[in-house]
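A note on names: the letters A, B, ... follow the listed sequences, proteins ahead of strands, and every chain is numbered from 1. Being a predicted model, the structure only gives us computed values, none of them experimental.
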Amino acid sequence: MKPRLNVLWNEIYCKRCLLCVEVCPVQVLTLERNEIEEKEGCIRCYQCERYCPDIAIEVMDEKGEK
Amino acid sequence: MDRSYKELLKLRRFPHTWCPGCGIGAVLKNVAMVMKELGWNYKNTVAVSGIGCSGRMSGYMNLDALHTPHGRPLTAAEAIKTVRSDLNVMVLSGDGDLASIGGNHLLHTSRRNPDITVFCNDNEIYGLTGGQAGPTTPQGTKTLTSPRGEHHSPLRLGRILTQQAPYFYARTTVYHLNHFKTCIREALLWKGFSFVDIISDCIELNGRRLGFKTAHQMFKWFDERFHIVEGERDQLQEDELGIAKAVVKEVPRPAEKEEVKPEIPMEGLKPFTLEELERFDGQEGRPIYMAYQGKVYDLSASPLFQGEKRMRCHLGGKDLTKDLDIAPHGEDLIFKFPLVGKME
Ligand SMILES: Cc1ncc(C[n+]2csc(CCOP(=O)(O)OP(=O)(O)O)c2C)c(N)n1
Ligand code: SF4
């Protein structure tokens with residue numbers, strides 16, 4: 001599990017299908033050098049986590065916890 | 001966000017084997033989420049799968065699971081439900097498995113209406129074997145085996161499974177997540193055979209050939225093709241997502257008639273001993289008598305008691321009470337004949 005600004009990303013489970021990148025309504029997630037990176041601006045809508053078929057991304061709550 | 005559904009998945013086997021973006025992962029995850037909400041777990045639930053990419057789902061569930069031969073998950077599930085009616089039984093499989101090779105089982109299992117829930121990952125293709133056209137492939141779709149477009153029209157599962165009440169048929173997609181979860185929940189709670197037709201993406205072997213680059217583009221395509229309909233329905237059109245269900249109205253059964261056996265007075269009947277009875281064996285023009293439960297009947301008119309020459313099913317002049325108990329017919333056959341006496 002690799003922490004990003006607001007999400008935790010599991011690089012082993014992730015298959016880089018880019019669903020999270022595409023469903024994010026504010027488009028803060030990107031794939032860079034084969035890693036999911038996050039820019040500022042997450043609105044904590046949980047869309048990426050809900051759509052991820054591989055349980056590879058989790059949105060942390062405000063306190064930065066799971 | 002509640003992530004306790006993860007305990008229903010065998011995470012040590014993750015990442016699972018499905019392609020990047022494949023909808024089967026979403027089916028697995030959402031079914032696990034709803035099961036968790038309903039309190040279904042390894043103690044009270046069994047998952048059954050057939051063969052195919054979708055057939056691997058039961059293997060990732062932290063439950064007792066059965067991986068059956070191709071097309072047979074419904075049969076196995078019904079058998080489990082029959083012997084262990086206390087268990088929740090669900091089938092997780094693919095459209096090819098359930099509707100093609102298992103099509104006959106689908107018809108007859110749904111007709112018998114066992115209390116099982118079927119989640120059909122309907123990716124409109126045979127995924128595992130390389131993307132051949134399957135029973136639900138829409139007409140005109142280019143696949144490995146139909147490079148100029150599928151020639152035949154698809155099987156309309158929604159029509160077939162909603163022909164005769166009782167039924168529960170839901171159509172949803174992996175894109176319409178809230179609707180998807182509602183369908184799962186209602187199907188799991190439905191008493192009787194419930195079928196959830198989950199339109200899902202096989203991005204690698206179907207989507208790419210159709211020109212989609214990512215799973216999300218296929219999701220958008222689902223959104224164009226289908227729309228959600230609310231409320232109680234008894235049929236769904238081919239472009240509608242929703243739940244079609246019906247129950248049979250209980251018809252009160254006619255009260256069973258009580259059978260009245262004729263009670264014949266024993267007094268005044270001629271008494272017979274066994275030796276006397278034996279003389280009435282049908283030989284030399286004598287009548288044929290036989291005893292049953294202490295009464296003697298004249299069976300001369302019966303074709304089954306015609307002396308030595310004819311069909312010798314039974315011998316005359318005997319007490320046949322024991323024989324009648326093991327005979328394929330009942331005692332009513334004897335009551336038709338005239339009563340002539342009683343045994344001493
Ligand atoms: C008796 C038998 N016939 C054929 C096959 C080959 N086969 C394996 S999976 C499959 C298709 C499965 O399609 P579907 O149920 O749609 O699952 P998907 O892979 O699309 O998820 C076929 C034909 C087999 N394994 N066994
Ligand atoms: S072949 Fe298709 S159905 Fe099978 S795992 Fe890949 S995307 Fe999913």
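- For B:Tyr175, the parts lying under 4.5 angstrom from a heavy atom of chain A are both the backbone and the side chain.
- Looking at A:Ile12, the atoms closer than 4.5 Å to chain B (heavy atoms on both sides) sit in the backbone and in the side chain alike.
- At a 4.5 Å heavy-atom cutoff, the contact between B:Tyr5 and chain A is made by side-chain atoms alone.
- B:Pro20 and A:Cys17 make their closest contact through C-CB, 3.4 Å (heavy atoms, listed as atom of the first residue, atom of the second, distance).
- Heavy atoms of other residues, nucleotides or ligands lying less than 6.0 angstrom from CG of B:Asp64 number 12 at most.
- Contact of A:Tyr13 with chain B is made through backbone and side chain together, with heavy-atom distances under 4.5 Å.
- The local environment of OH in A:Tyr46 is crowded, with over 12 non-hydrogen atoms from other residues, nucleotides or ligands closer than 6.0 Å.
- Residues A:Ile55 and B:Lys29 meet the side-chain proximity criterion, which asks for heavy atoms closer than 4.5 Å.
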side-chain contact (heavy atoms from CB on, under 4.5 Å), that's the test. Do B:Thr214 and A:Val21 meet it? Break it down for me.
CA-CA 11 Å; B:Thr214 63; A:Val21 173; over 6 Å; no

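- Under the 3.5 Å distance criterion, the side-chain polar atoms of A:Tyr51 are left unmatched by any main-chain donor or acceptor of B:Val174.
- Summarising the local packing, NZ of B:Lys142 is surrounded by 12 or fewer heavy atoms from other residues, nucleotides or ligands at distances under 6.0 Å.
- Atom CD of A:Glu40 has 12 or fewer neighbouring heavy atoms from other residues, nucleotides or ligands inside a 6.0 Å radius.
- Counting heavy-atom neighbours within 6.0 Å of B:Arg72 CZ, excluding the residue itself, gives a total above 12.
- Remark: B:Lys213 does not engage A:Glu22 in a salt bridge, criterion side-chain N to carboxylate O under 4.0 Å.
- The two atoms that bring B:Trp18 and A:Lys15 nearest to each other are O-NZ, 2.6 Å, heavy atoms only.
- B:Cys22 approaches A:Pro53 most closely through the heavy-atom pair O-CB, 3.7 Å.
- When each of B:Leu177, B:Ile203, B:Leu9 is scored by its heavy-atom pairs under 4.5 Å with chain A, the top score falls to B:Leu177.
- Neither the backbone nor the side chain of B:Leu28 comes within contact range of chain A; no heavy atom of the residue lies under 4.5 Å from a heavy atom of that chain.
- Atom CG of B:Asp201 and atom CG of A:Leu19 lie 7.5 Å apart (nearest 0.5 Å).
- Note: A:Arg50 CZ to B:Asn178 CG = 5.0 Å, rounded to the nearest 0.5 Å.
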